[in-house]
Amino acid sequence: MKTRNSQNAYNEDTARQYISDEKPIINVSSVIETNYNWIDGKRTDEVTGYKLYFVQEGVNPFAVKFVTKPSLAPFLSEVKLDNLEAIEIRSNVYFRSEGVRLVK
């Protein structure tokens with residue numbers, strides 16, 4: 001996703017500029033991606049986070065990083081992201097969240 005503004009830290013206000021609270025967020029991940037630490041071009045066994053992909057009407061699919069392993073909601077189910085934050089770096093937007101919950 002490309003940026004509209006520029007800031008230096010993860011922020012809930014930045015996330016609200018791109019992701020609406022009024023529209024549903026849909027899970028489009030079928031597996032949880034694990035991110036590993038890399039040193040000198042070599043992958044270590046140290047886990048740095050996890051990643052899932054979501055989509056919302058009017059927004060291209062976007063990835064969200066999690067520090068702790070999130071629960072995987074069923075494919076194409078509506079979810080709620082806990083404490084969604086975003087950061088803008090070099091005209092790209094990156095998202096992180098504390099957790100994901102299935103909306104019933």
Side-chain angles (χ1 to χ4, degrees):
M1 177 179 284
K2 294 295 179 184
T3 182
R4 296 181 195 154
N5 300 327
S6 179
Q7 292 191 4
N8 303 0
Y10 278 99
N11 189 312
E12 288 183 11
D13 293 331
T14 304
R16 282 191 211 103
Q17 290 177 6
Y18 298 96
I19 306 302
S20 172
D21 291 335
E22 307 300 317
K23 297 178 184 175
I25 298 172
I26 307 298
N27 173 43
V28 293
S29 291
S30 55
V31 296
I32 299 171
E33 289 185 15
T34 304
N35 294 337
Y36 294 95
N37 191 21
W38 290 74
I39 298 176
D40 297 328
K42 296 178 184 172
R43 191 190 95 172
T44 66
D45 290 333
E46 179 187 353
V47 174
T48 59
Y50 302 91
K51 191 185 302 183
L52 294 174
Y53 293 87
F54 302 94
V55 69
Q56 185 178 64
E57 182 183 345
V59 178
N60 287 333
F62 58 97
V64 177
K65 181 180 177 182
F66 299 88
V67 175
T68 58
K69 191 169 186 175
S71 59
L72 181 62
F75 184 71
L76 296 181
S77 60
E78 184 178 344
V79 296
K80 171 77 173 142
L81 297 170
D82 299 328
N83 298 323
L84 180 64
E85 298 176 314
I87 188 170
E88 299 168 329
I89 300 173
R90 284 180 258 155
S91 74
N92 289 311
V93 180
Y94 300 95
F95 296 93
R96 77 175 178 191
S97 177
E98 292 179 1
V100 60
R101 290 181 283 132
L102 185 63
V103 174
K104 298 188 181 200

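Atoms CD1 and OG, from Ile19 and Ser97 in turn, are 11.5 Å apart once rounded to the nearest 0.5 Å. From Thr44, atom OG1 reaches atom CD1 of Ile39 across 5.5 Å, with rounding to the nearest 0.5 Å. How far OG of Ser20 is from CD1 of Ile25: 8.5 Å, rounded to the nearest 0.5 Å. Distance check, rounded to the nearest 0.5 Å: CD of Glu78 to CG of Asn27 gives 11.5 Å. Taken from CG in Asn92 to CD1 in Ile87, the straight-line distance is 11.5 Å, to the nearest 0.5 Å.
Residues Glu85 and Glu12 have side chains in contact (heavy-atom distance under 4.5 Å, counting atoms from C-beta outward). Residues Val100 and Leu52 form a side-chain contact, since some pair of their non-hydrogen atoms from C-beta on lies under 4.5 Å apart. Residues Arg43 and Asp45 have side chains in contact (heavy-atom distance under 4.5 Å, counting atoms from C-beta outward). Ile89 has its side chain within reach of Tyr94: a pair of non-hydrogen atoms, C-beta onward, lies under 4.5 Å apart. In this structure, the side chains of Leu102 and Ser71 stay at 4.5 Å or more apart for every pair of heavy atoms. Looking at Leu81 and Phe66, their side chains come closer than 4.5 Å, going by heavy atoms from C-beta outward.
Between Phe62 and Phe95, the two ring planes are tilted [angle within 30° to 60°].
In terms of heavy atoms, Pro70 sits closest to Ile32 at O-CD1, 3.1 Å. Nearest heavy-atom pair, Val79 versus Ala73, reported as atom, atom and distance to 0.1 Å: CG1-CB, 3.6 Å. Smallest separation of non-hydrogen atoms from Arg101 and Asp82: NE-OD1, 2.7 Å.
Under a 3.5 Å cut-off, the side chain of Gln56 and the backbone N or O of Lys23 do form a donor-acceptor pair. In this structure, Thr48 contributes its side chain and Asn35 its backbone to a donor-acceptor pair below 3.5 Å. With Asp40 contributing its side chain and Lys42 its backbone, the two residues share no donor-acceptor pair below 3.5 Å.
The hydrophobic cluster around Ile26 extends to Val28, Tyr53, Val55, Phe75, Leu76, counting ILVMFWY residues whose side-chain heavy atoms fall within less than 4.5 Å of a member.
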